[in-house]
> 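Got a structure for you, questions after.
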Amino acid sequence: MSDSYKKSSRSSAFLAGKRIHQRLLSERHSDEAVDFNEVTNRDSSIIHMFHECQEELDMRHDKYERIAKLSRNVTIESKRVIFLLHRINGDESCKRILDEVEQKLDLLQNTEWHQIALELQNEDPYQFLRAYSPGLQEYVEALAFFHYVQQHTLLTAQQLKHSLTFSELSGNDVYEPGIDSTVKGPILLRPLSVYVPLTEYILGLADLTGEMMRMAINCIGRGELSKPFELCQCIRSMHNAFLSYGSHSREMLVKFSVLRQSMRKVEDACYTLKVRGSEIPRHLLADELKSLSHLPLCFETNSDDCLD
């Protein structure tokens with residue numbers, strides 16, 4: 001076989017392979033073009049799926065912002081309730097102020113908290129817990145303070161949950177599946193409520209000790225010398241309970257540190273009353289306690305500066 005024939009056969013084989021390679025590349029590019037057109041087509045299933053995800057995320061973000069705004073309103077109203085409770089001065093104003101506070105709390109439950117419960121309906125509450133957690137803790141503090149002033153006992157977790165549970169039932173039906181998955185069992189309508197984690201209840205009670213400390217100092221200024229010892233014993237019991245509970249988060253550590261400071265302030269005030277109370281006239285006890293610079297004195301019952 002001649003060399004020219006070998007060279008021509010090799011060149012023809014090379015050209016044939018080159019044509020096959022070019023045809024494969026053209027087919028791949030055409031497939032990629034089809035896929036790209038499918039992706040960029042607004043009617044494609046992929047674009048439709050992304051639009052659904054976008055709408056769902058926008059709805060969740062909007063709901064989170066609505067709950068956060070309602071929580072801020074709850075915080076403001078709860079602080080006003082606490083300020084009002086500190087204005088109690090004697091038995092005459094006690095009943096009037098307690099009735100006013102009860103009306104404010106009922107209004108708060110039926111407006112802001114009811115709207116939050118509607119927003120959380122059929123949702124995972126932990127996805128929105130950070131939105132209403134500040135308002136919930138402030139509400140627990142206000143409700144527990146009102147409960148202590150009215151009944152001289154601490155608010156329980158069951159009482160808190162009961163205050164945030166409404167008589168109406170949830171809008172969507174909850175079915176209990178039977179043996180046959182195609183047949184739905186009896187309808188179970190759940191009551192509308194706001195989910196309250198136990199940690200939020202405990203953190204709210206930790207804030208209560210600060211208000212009890214302020215109440216103890218106010219009582220000394222009004223001449224009620226037995227009340228601070230009662231409050232001091234209650235704060236000590238709460239302190240011991242928090243010690244047994246332990247610290248499970250950074251927020252709990254901060255709350256516990258503030259609780260310990262409040263307890264020490266009340267103990268210092270009670271120590272001054274016990275040791276020097278017989279030596280100092282009652283109308284001068286306020287001036288004596290002013291020497292304890294770390295005590296936030298607020299003897300004027302119509303002043304809110306001490307509550308900031």
> Quick one, L120 and I67 - any side-chain contact, counting heavy atoms below 4.5 Å?
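Touching, per the 4.5 Å side-chain cut-off.
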> Kindly assign one of parallel, tilted or perpendicular to the pair Y132 and W113, based on the angle between their ring planes and the thresholds 30° and 60°.
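Y132 vs W113 ring planes: perpendicular.
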> Taking T209 for the side chain and L205 for the main chain, is one N or O donor matched with an acceptor at less than 3.5 Å?
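No: the side chain of T209 does not pair with the backbone of L205.
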> For a 4.5 angstrom cut-off between non-hydrogen side-chain atoms, does M215 reach V149?
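When only atoms from C-beta onward are counted, V149 and M215 do touch, with a gap below 4.5 Å.
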> May I ask you to test the V266-C270 pair for a side-chain heavy-atom distance under 4.5 Å?
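Answer yes - side chains close enough.
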> Return yes if some donor-acceptor pair links the side-chain N/O of T272 with the main-chain N/O of D268 below 3.5 Å, else return no.
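Yes.
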> Report yes if the side chains of L136 and L164 come closer than 4.5 Å at any heavy-atom pair, otherwise no.
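Yes, side chains in contact.
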> Any side-chain heavy atom of E267 sitting closer than 4.5 Å to one from R236?
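E267 vs R236: side chains touch.
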> Can you tell me how far NE2 of H48 sits from NE2 of H51, rounded to the nearest 0.5 angstrom?
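Rounded to the nearest 0.5 Å, the NE2-NE2 separation comes to 9.0 Å.
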> Check the side chains of H61 and E65 for a donor-acceptor pair under 3.5 angstrom, ignoring hydrogens and angles.
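H61 and E65 do not have a side-chain donor-acceptor pair below 3.5 Å.
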> For M59, look at atom CE and say whether over 12 heavy atoms of other residues, nucleotides or ligands are found less than 6.0 Å away.
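Count not over threshold, so no.
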> If we ignore hydrogens and angles and just use 3.5 Å, is the side chain of Y201 paired with the main-chain N or O of K161 as donor and acceptor?
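Looks like no, no N/O pair under 3.5 Å.
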> Any salt bridge between E230 and K227, counting N to O under 4.0 Å?
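Salt bridge present between E230 and K227.
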> Taking G135's backbone N and O only, do any of them form a donor-acceptor pair with S71's side chain (distance below 3.5 Å, no angle check)?
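Between the backbone of G135 and the side chain of S71 there is a qualifying donor-acceptor contact (under 3.5 Å).
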> In this structure, would L98 and Y148 fall into the same cluster of hydrophobic residues linked by side-chain contacts under 4.5 Å?
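Yes, it is one cluster - the side chains of L98 and Y148 are joined through contacts under 4.5 Å.
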> So R60 and F128, do their side chains get closer than 4.5 Å, heavy atoms only?
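Result yes, sub-4.5 Å side-chain heavy-atom pair found.
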> Atom CG of L160 and atom NE2 of H147: how far apart are they, to the nearest 0.5 Å?
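That separation rounds to 11.0 Å.
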> Quick one: does any side-chain atom of K104 pair with a main-chain N or O of E77 as donor and acceptor, under 3.5 Å?
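Absent.
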> Does some side-chain heavy atom of F242 sit less than 4.5 Å from a side-chain heavy atom of I202?
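Counting from C-beta outward, I202 and F242 do come under 4.5 Å.
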> Within the structure provided, determine whether L84 and R80 are in side-chain contact (heavy-atom separation under 4.5 Å).
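No, side chains not in contact.
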> Check K95 with D99, please: is the shortest side-chain N to carboxylate O separation under 4.0 Å?
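Between K95 and D99 there is a salt bridge, with a charged N closer than 4.0 Å to a carboxylate O.
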> I'd like to know if the side chain of E200 reaches the main chain of P197, judged simply by a donor and an acceptor atom lying under 3.5 Å from each other, with no hydrogens or angles considered.
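Checking the backbone N and O of P197 against the side chain of E200, no donor-acceptor pair under 3.5 Å is found.
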> Between H114 and F166, how do the two ring planes meet: parallel, tilted or perpendicular, split at 30° and 60°?
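Rings of H114 and F166: perpendicular, as their planes differ by over 60°.
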> Do M263 and M252 belong to the same hydrophobic cluster, where Ile, Leu, Val, Met, Phe, Trp and Tyr are linked whenever their side-chain heavy atoms lie under 4.5 Å apart, directly or via other members?
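Same cluster.
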> Measure from the side-chain N and O atoms of S257 to the backbone N and O of L253, and report whether any donor-acceptor pair falls under 3.5 Å.
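Such a contact is absent between S257 side chain and L253 backbone.
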> With the 4.5 Å side-chain cut-off for hydrophobic clustering, are L243 and L203 part of the same group?
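Same cluster.
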> Identify the residue among L154, I235, I82, V140 that makes a side chain to side chain contact (heavy atoms under 4.5 Å, CB included) with L208.
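Exactly one pass, corresponding to L154.
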